[in-house]
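Before any comments, here is the structure.
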Number of protein chains: 2
Amino acid sequence: MAKLDFSPIADTTRRAEIVALLRRAILTGQLEPGQKLNELRISEQMRVSRAPLREAMRELVQEGILTSIPYAGTFVINVTAKDIDDAYSLNKVLDEFAIERTWKLRDQRFFDELDRRHEAVKQATRDRDTTRQIETALQLHGLIHEWADNSVLLETWQRLTSRLQMYFALHQQARKEAVPAEDVHETYVALLKGNDMRAAQRHAREHIDLDFEELLSYARDLEKRPSKGG
Amino acid sequence: MAKLDFSPIADTTRRAEIVALLRRAILTGQLEPGQKLNELRISEQMRVSRAPLREAMRELVQEGILTSIPYAGTFVINVTAKDIDDAYSLNKVLDEFAIERTWKLRDQRFFDELDRRHEAVKQATRDRDTTRQIETALQLHGLIHEWADNSVLLETWQRLTSRLQMYFALHQQARKEAVPAEDVHETYVALLKGNDMRAAQRHAREHIDLDFEELLSYARDLEKRPSKGG
DNA sequence: AAGAAGCAGATTGTCGACAATCTGACAAGA
DNA sequence: TCTTGTCAGATTGTCGACAATCTGCTTCTT
């Protein structure tokens, strides 16, 4: 028998597909923060019964991008300036930890993957595909968390990522302006390839701060306007 | 009208109660790691239909203490030495962050609550109630995370706590011996009341290491024996 | 005896219908 | 006018039944 490692077969349950669909709709901002999800309407649109839809929604509630009030409904979470602040300050800590853990595990495969993801960001930037730009940038950023060989860290970061992606999408949607065309990740990638771990950690921290300030200013704008939820 | 702030009414859905029941069963070790949860059997025992039970299980899957394989079943997660290692190393980082954030927010209410929880641990210790001892110790430990005024941190810590509590319960169950009767939290509490933040952070880190070593030795024992799951 | 094919039982995934609860409008009374 | 009671419509929560899938055994073939 040939030595092949097959990847797991895709989940063939409706539930899994619904989760993916809903998550995408939320993270891309198609479903607005605070908006209520009507079970009957959605299940009819998707041609699915309410049972798998409800199970899917339960998952997304635990994932932190939906919130549920018994007998009232399930809503897309509201984004406050404090939420963003909280997420980012924790993210800094996780990044530092991830870099420390990843550092000794870096090898050629790591560097190759780093370049591959960096290239994906640059491609999305050239294509002016802002949604994809957000996705790829987060994937580039996530490599250190995947490589750190700590399942709990990875899981935690993925939960954070959901929100960050949502925040970025809203930001981009609100501003309706192209995200910076130049490449802001060049230094980050270079430092991850280098020999000064502290410098890489420091840069990650500062690098995050830049994006963060922009996001915060957007979030503060948001709070001056009425929202659809509580 | 009198100025009273009422606390939210308890969730009255079956789903919420099922979640609580199942979580408790898992965290106290009544449901063993790797064990399969038969939906029909459980729903009959609880006198509930499978719909709310399945939704509850979906929540616990996302919470990280159950794992689901389509068309095969839902199982209690298996505890490996690496899982414990991962959880603890991340916990150290979170603790340091939590202490830093909490530090400036400490007030009389904080100190009172700290004492209250410390007292609860001592009471459970006197009662030789090991399960409660685990619960209260984790609650004492959790105060800095609750006080840090960062919802994402708190959420993350609560997810970690579930696993830690499960690990501790298994540990205690396997050893069948009383946990240390003396009070190991005295220094911790004192430092949190003091003025040297760095010292508090350092102690939290070392304090965790102690429990950790014991847990790891247990986990390594576990892996030499057959388990019920994959 | 070893392996493949097929069947039966058990279990999970999904469906449609019913029950419980909430929301908002409207009417009655102070 | 303001509050309170009532009710209809809409929506969520729950149920029982059916469909899809898996597992292990049996049977058949070589």
Side-chain angles (χ1 to χ4, degrees), chain A residues 1 6 8-23 25-26 31-32 34-62 65-77 226-230, chain B residues 1-2 6-23 25-26 31-32 34-62 65-77 226-230:
Chain A
M1 190 175 188
F6 291 101
I9 295 182
D11 290 348
T12 50
T13 60
R14 299 188 196 282
R15 183 182 68 239
E17 288 188 50
I18 297 171
V19 166
L21 269 175
L22 281 182
R23 187 190 289 122
I26 296 168
L31 286 169
E32 293 175 33
Q35 186 172 346
K36 177 173 176 178
L37 277 67
N38 185 310
E39 298 179 359
L40 195 59
R41 208 164 48 77
I42 296 179
S43 67
E44 280 171 354
Q45 285 178 2
M46 290 188 180
R47 304 289 180 83
V48 184
S49 82
R50 283 174 55 223
L53 171 63
R54 281 174 59 86
E55 291 187 18
M57 285 164 77
R58 239 26 87 198
E59 291 191 23
L60 294 176
V61 166
Q62 285 308 105
I65 59 182
L66 289 182
T67 179
S68 161
I69 303 174
Y71 290 107
T74 306
F75 310 80
V76 178
I77 57 164
S227 84
K228 291 199 178 183
Chain B
M1 188 173 183
F6 292 101
S7 57
I9 295 183
D11 290 348
T12 50
T13 60
R14 300 188 196 283
R15 183 182 69 237
E17 288 189 50
I18 296 172
V19 166
L21 269 175
L22 282 182
R23 186 190 287 124
I26 296 168
L31 285 169
E32 295 175 30
Q35 187 172 344
K36 177 173 176 177
L37 278 66
N38 185 310
E39 298 179 1
L40 194 59
R41 207 164 50 76
I42 295 180
S43 67
E44 280 171 355
Q45 285 179 2
M46 291 188 180
R47 305 288 181 86
V48 185
S49 81
R50 285 173 54 221
L53 172 63
R54 281 174 60 86
E55 290 187 18
M57 285 164 75
R58 236 30 83 198
E59 290 192 22
L60 294 175
V61 166
Q62 285 308 105
I65 59 182
L66 288 181
T67 179
S68 163
I69 303 174
Y71 291 108
T74 306
F75 309 82
V76 178
I77 57 165
S227 84
K228 290 197 178 182

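Lettering of chains follows the sequences in order, A, B, ..., and the numbering in each one begins at 1. Computed over heavy atoms, backbone and side chain alike; hydrogens, waters and symmetry mates excluded.
Toward the 5' end of DNA chain C, the nearer of the two residues B:K36 and A:A72, judged by each one's closest nucleotide, is B:K36.
Taking the side-chain contact (heavy atoms from CB on, under 4.5 Å) definition, one finds that B:A25 meets it with B:Q30, B:L31, sequence neighbours left out. Here A:R15 pairs with A:E55, A:E59 under the salt bridge (charged side-chain N to carboxylate O under 4.0 Å, His left out) rule; sequence neighbours left out. Every residue meeting the side-chain hydrogen bond (donor to acceptor under 3.5 Å, both in side chains) condition with B:S68, not counting sequence neighbours, appears here in chain and number order: B:R58. Annotation: side-chain contact (heavy atoms from CB on, under 4.5 Å) contacts of A:I42 (sequence neighbours excluded): A:L37, A:M46, A:L53.
Contact detail for A:I18 and A:A56: the closest heavy-atom pair is CG2-CB, 3.6 Å. In this structure, A:I65 and A:R23 approach most closely via the heavy-atom pair CD1-CG, 4.1 Å.
Residues in residues 40-50 of chain A take part in these salt bridge (Lys or Arg N to Asp or Glu O under 4.0 Å) pairs, two or more places apart or across chains: A:E39-A:R50.
Once rounded to the nearest 0.5 Å, the distance linking CG of B:L22 with CG of B:L60 reads 6.0 Å. Rounding to the nearest 0.5 angstrom, the gap separating the CZ atom in A:F75 from the CD atom in A:E32 is 14.5 Å. Within the model, atoms CD of B:Q35 and CD1 of B:I77 stand 13.5 Å from one another, a figure rounded to the nearest 0.5 Å.
Using a 4.0 Å cut-off on heavy atoms, the residues of residues 37-45 of chain B that approach DNA chain C are B:L37, B:N38, B:E39, listed by number. Using a 4.0 Å cut-off on heavy atoms, the residues of residues 51-60 of chain B that approach DNA chain D are B:A51, B:P52, listed by number.
In the 5' to 3' direction, nucleotides of DNA chain D lying under 4.0 Å from heavy atoms of chain A begin and end at D:dT11 to D:dT14.
Note on A:R50: a base of the nucleic acid sits closer than 4.0 angstrom, heavy atoms only.
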